[in-house]
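All remarks here apply to the structure that follows.
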Amino acid sequence: MLWFQGNAMQFARYSIGFLLRNLSASKVPLPVLTLFTKDPCPLCDEAKKVLEPYKNREVDITLPENSAWYERYKFDIPVFHLNGQFLMMHRVNISKLEKQLQKLEQ
């Protein structure tokens with residue numbers, strides 16, 4: 001089962017990369033995926049590992065300048081925004097991310 005999941009993740013990474021290359025080639029601004037996190041956060045660490053090839057921006061909610069985000073997300077990290085809009089929380093949902101990226105591509 002883990003082998004299949006690993007291959008499925010590789011396929012997902014390939015297809016997201018393909019979408020991002022197409023967006024970039026078409027002169028459309030690349031989407032921005034923002035991760036709200038704090039330390040320690042094992043789920044955040046897992047999410048960062050999965051999304052490492054697509055890392056754009058990370059917001060440490062424990063920094064004083066991010067106190068509003070801390071109040072909003074302190075019990076729900078990791079939280080992901082795509083182009084400033086809430087996308088998902090707790091775990092990376094590659095299918096949802098790919099669907100949103102496809103919408104941006106059109």
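- In the hydrophobic cluster analysis, where Ile, Leu, Val, Met, Phe, Trp and Tyr join through side-chain heavy atoms closer than 4.5 angstrom, F86 is grouped together with F36.
- Legend: salt bridge (Lys or Arg N to Asp or Glu O under 4.0 Å) pairs involving residues 80-92, not counting sequence neighbours, sorted by first then second residue: E46-R91.
- Here the side chains of I61 and V79 are not in contact, with every heavy-atom distance at 4.5 Å or above.
- Here the straight-line distance linking atom CG of L87 with atom CG of L35 works out to 11.5 Å at 0.5 Å rounding.
- Evaluation of the side-chain hydrogen bond (donor to acceptor under 3.5 Å, both in side chains) rule for N93 yields no partner, not counting sequence neighbours.
- Looking at every heavy atom in both residues, I77 comes nearest to H90 through O-CD2, 4.0 Å.
- Here CG of L97 is found 10.0 Å from CD of Q102. Values are rounded to the nearest 0.5 Å.
- Within 6.0 Å of CD on E65 lie more than 12 heavy atoms contributed by other residues, nucleotides or ligands.
- Listed by chain and residue number, nothing satisfies the ring pair (Phe, Tyr, Trp, His ring centres under 6.0 Å) test with Y70 (two or more places apart in sequence, or in another chain).
- A heavy-atom distance below 4.5 Å is not found between the side chains of P78 and T37.
- Proximity of H81 to W69: side-chain heavy atoms (C-beta onward) are separated by under 4.5 Å at one or more points.
- Residues in residues 32-43 take part in no salt bridge (Lys or Arg N to Asp or Glu O under 4.0 Å) pair, two or more places apart or across chains.
- Here K48 pairs with E58 under the salt bridge (charged side-chain N to carboxylate O under 4.0 Å, His left out) rule; sequence neighbours left out.
- Partners of K74 according to the side-chain hydrogen bond (donor to acceptor under 3.5 Å, both in side chains) rule, which considers only residues two or more places apart in sequence or in another chain, are E71.
- Distance check: D60 CG to N66 CG gives 7.0 Å after rounding to the nearest 0.5 Å.
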- Message: Walk me through whether Q100 and K103 qualify under side chain to side chain contact (heavy atoms under 4.5 Å, CB included).
- Response: CA-CA 5 Å; Q100 293 302 311; K103 283 183 185 178; 3.6 Å; yes

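- The OG atom of S67 lies 13.5 Å from the CZ atom of R72; values are rounded to the nearest 0.5 Å.
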